[in-house]
Amino acid sequence: MANQTIQYALPQDGGLIDRDSIPLDILGRFEKLPTFIYKNESEAVNVLADRIVADINATADGLFSIALTSGNTPRGIYRELVDRYRKGEVSFRNVEVFSLDEFYPIAPLEPNSRNFRIHDEFLNHVDILPENVHLPDCKLPISQMQAHCEEYERRIEKIDLMIIGVGKQGQLGFNEAGSYPNSFTRLVQLSYASRKVQSKLFPSFNETPSMAVTMGLGTIMKARKIVVMAWGEGKSDAVVRLVEGSFSEDIPATLLQTHRNVSLVVDENAAQKLTRMRSPWLVGDCNWTRKFTRKAVVWLSQKVGKPVLKLTHQDYMENSLGPLLESRQATSYDINIEVFNDLQHTITGWPGGKPDADDSTRPVKSVPFPKRVLIFSPHPDDDVISMGGTFIRLFHQGHDVHVAYETSGNYAVHDDVVLQHFDTARELGLNSPYDHVKFLIANKKAGQPEPMELRQIKAAIRRGESRGAVASFGLNPDTHTHFLNLPFYETGTEKKNPLSEADIEIIRQLMEQIKPHQIYLAGDLSDPHGTHRICTEAVLEAFRQLVAQKESWTSECHLWLYRGAWQEWDLDMVDMAVPLSPDEMLKKRHAIYKHLSQKDIVPFPGNDNREFWQRAEERTQHTAQLYDALGMAEYQAIEVFVEMDNGFFRQN
């Protein structure tokens, strides 16, 4: 079902003319290894699966040897290869597999192990022979691990194809910063940052292994062919360092620049910081639409450190933007004024439209007023973290605002938070099942789904926090909050189920009930299999189905994409910017504070240990500073949104 839904991608406007016909040598003139960019992960893995199947089928003698790993990155290609096998397009009986890495210590059947996940997602579903599957044995005593790693290395006589992802810090497998180029299979100590990232697979950080076995960089470089995959904008920094940066031992993946047969396969979101995507006028002729012109001028303004209205003809010419002036037959002053006004018109204090006002240059029409507004929040706090100021303003300006919490968010509640709630009830003399809950927690099994009863308790905690957050600024939580509890999320583990029609139907019914004039939803693209993205694709698919049914209200409904606590929209993409006063910032902060289970200890912080309210405030303040630097009015903070063209749904 998930493959039939809309594959969400950022809105495109302008850019390179006939990009597909430009030779790769020209298109990738700033790139140090062959890079193939596809619209989305689904398109990329289809092409990649074609190549892998062809290579396997072309193997006449001996075994075709593949090295692979687990995690979110290869999940799509494994699913596609299994599908090809089921269709009879390929057999894996002449394939042998080596695992790139594994946690240590860990049992092979433990659900958090690489071994288990590779089997669960791929090997168990194809006809590979058990004797051709080679995985590190990470239950051995540490005294035997060096000899075991050396033996594992000797068994790797050849690797015909290595399928590998790249970590956010440029890691390959568990080869972290400082790994030496001729390293081989070995036991390594995991950094604090890597353990933090991996801790989402385990009950807690303390129970996350501190060591791992990994093929070394020298082992990886022995492969005849290497395919590196990266999906989502969360990998964009690693991709640009890998492709356009210089070799550095601090970024192990850059060693791949010296391999004789390596290619990088990425989606547009992971590639967005490459020169051909970020500033394509440096590699070819462009179609200078209004938004694309804004992209170039904002880039130029930030590059030379001048407000838009101070940019000169010389600034344009010295930074490869002469073709913009020529194609538009305009002076730098004309372009400056156009872009300045374009940016100025994104700013509005009336996100639902200002009644009885001239709306010809405003991002939102003044009628109808008031509007019915539906805010989709993937987790129970994304609404106030990501667009809390706009949420509060919409409500106080008289609109009929509803918020839908798409998932229960129970996976992000720590056990000690649960115990604290029940201990408080016990101290109040209430009939608290504290000892029973403590028993449930103590008897959880590592890698297994949490008990349903415990998950329901955690979901209730998050519902109460969400209700308190919206009540803090006056919204009625009984009538205007909707807890959807989408089924895909309810696995009790880090790995979620694929999106299904049941998820989409829940959203569709809510839309039909409210018939909103505005829909706000998460626009995050960091992970093709992440909760935010799955929720977004569910909303888009539900809306597409309603458009196809010719529901009359859909033609007047506008979809606005917000970003989460992790990233923000680039200014060239922004369609609406809502400035926040210091008082509104405080109200937003207080609403975020209501999510006590997420406060002080951020469940999945990555490398960012700030609390969510800190991230949200610094992000919106930074956006205001960027507007200020371009010459706009100076505001305390700004929340920004991208509008999704309604015509998109009539074409899909």
Side-chain angles (χ1 to χ4, degrees), residues 9-32 35 37 233 236-237 239-241 243-245 268-347 361 568-575 577 622-633 638 640 642:
L10 293 174
Q12 299 294 317
D13 193 332
L16 286 170
I17 298 172
D18 297 326
R19 186 176 79 176
D20 293 340
S21 66
I22 300 174
L24 188 59
D25 288 344
I26 295 175
L27 194 63
R29 56 177 288 209
F30 294 95
E31 299 168 11
K32 298 177 181 177
T35 303
I37 303 173
E233 62 187 349
S236 59
D237 286 329
V239 166
V240 73
R241 289 196 298 264
V243 176
E244 296 185 0
E268 290 182 349
N269 305 313
Q272 65 182 253
K273 293 185 179 178
L274 296 179
T275 298
R276 64 163 125 158
M277 302 292 284
R278 185 187 70 251
S279 43
W281 46 86
L282 298 177
V283 298
D285 294 330
C286 295
N287 175 23
W288 296 101
T289 62
R290 177 185 64 83
K291 264 198 171 178
F292 192 71
T293 298
R294 190 210 295 180
K295 177 184 179 77
V297 174
V298 169
W299 172 85
L300 178 61
S301 176
Q302 293 173 339
K303 187 172 190 291
V304 301
K306 294 180 181 179
V308 169
L309 294 179
K310 289 187 177 181
L311 295 173
T312 65
H313 180 81
Q314 186 175 0
D315 291 328
Y316 281 81
M317 300 305 293
E318 290 181 348
N319 291 281
S320 303
L321 285 175
L324 166 58
L325 303 180
E326 294 170 10
S327 78
R328 298 288 300 277
Q329 296 183 336
T331 66
S332 59
Y333 179 77
D334 294 332
I335 298 295
N336 292 349
I337 290 292
E338 175 188 321
V339 172
F340 180 87
N341 288 335
D342 186 29
L343 284 165
Q344 187 69 39
H345 294 157
T346 65
I347 301 173
T361 60
E568 188 54 279
W569 294 116
D570 292 332
L571 297 193
D572 59 270
M573 299 190 66
V574 172
D575 293 304
H622 177 65
T623 301
Q625 291 163 5
L626 291 176
Y627 266 91
D628 181 34
L630 294 173
M632 305 293 110
I638 295 179
V640 290
V642 169

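Here the structure is a predicted model, which is why all the values come from computation and not from measurement.
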Using 0.5 Å steps for rounding, measure from the OG1 atom of T293 to the CG atom of N287. 8.5 Å
Under the side-chain hydrogen bond (donor to acceptor under 3.5 Å, both in side chains) rule, what pairs show up with a residue in residues 296-305, not counting sequence neighbours? K303-N319
So how far is it from E244 CD to K32 NZ, rounded to the nearest 0.5 Å? 8.5 Å
Name the one of V339, N341, I347 that satisfies side-chain contact (heavy atoms from CB on, under 4.5 Å) with L343? V339
Search all heavy atoms of V574 against all heavy atoms of T346 and return the closest pair with its distance. O-CG2, 3.6 Å
Beyond-backbone contact of D237 with K273, side-chain heavy atoms, under 4.5 angstrom: yes
Which pair of non-hydrogen atoms, one from D315 and one from L300, has the smallest distance, and what is that distance? O-CD1, 3.6 Å
Are the side chain of R19 and the backbone of L27 linked by a donor-acceptor contact shorter than 3.5 Å? no
Sequence neighbours excluded - salt bridge (charged side-chain N to carboxylate O under 4.0 Å, His left out) pairs with any residue from residues 323-337: R328-E338
How close do N336 and L309 get, counting heavy atoms only, and between which atoms? O-CD2, 3.9 Å
Closest non-hydrogen atoms of S236 and Q272, given as atom of the first, atom of the second and distance, are CB-CG, 4.0 Å
Heavy-atom distance under 4.5 Å between the side chains of L324 and V297, does that happen here? yes
Presence of salt bridge, D575 and K291, under 4.0 angstrom: yes
CZ (R294) and CE (M573) are apart, to the nearest 0.5 Å, by 10.0 Å
For the pair K306 and T312, evaluate side chain to side chain contact (heavy atoms under 4.5 Å, CB included) and give the outcome as yes or no after the intermediate values. CA-CA 10 Å; K306 294 180 181 179; T312 65; 4.1 Å; yes
Say whether, by atom type as modelled, one donor and one acceptor occur between the side chain of E568 and the main chain of T623 under 3.5 angstrom. no
Qualifying salt bridge (charged side-chain N to carboxylate O under 4.0 Å, His left out) pairs with a residue from residues 279-289, counting only residues at least two apart or across chains: none
Using a cut-off of 6.0 Å, state whether more than 12 heavy atoms not belonging to F30 lie near its atom CZ. yes
Return the minimal non-hydrogen interatomic distance between A330 and I335, and the atom names on each side. CB-CD1, 4.0 Å
Measure the spacing between OG of S332 and CG of L311 and express it to the nearest 0.5 Å. 8.0 Å
How far does CD1 of I337 sit from CD of Q344, to the nearest 0.5 angstrom? 11.5 Å
To the nearest 0.5 Å, what is the distance between CG on L24 and CZ on R29? 13.5 Å
What is the minimum heavy-atom distance between I17 and I22, and which atoms define it? O-CD1, 4.0 Å
Under a 3.5 Å distance rule, please check whether R276 uses its side chain to pair with a backbone N or O of I26 as donor and acceptor. no
For F292, the ring pair (Phe, Tyr, Trp, His ring centres under 6.0 Å) test, sequence neighbours excluded, returns W281, W288
Considering residues at least two apart in sequence or located in another chain, which fulfil the side chain to side chain donor-acceptor pair (under 3.5 Å) criterion with D572? none
Would you say C286 and L16 make side-chain contact, with heavy atoms under 4.5 Å? yes
Residues 300-332 vs ring-ring contact (aromatic ring centres under 6.0 Å, His included), sequence neighbours excluded, gives none
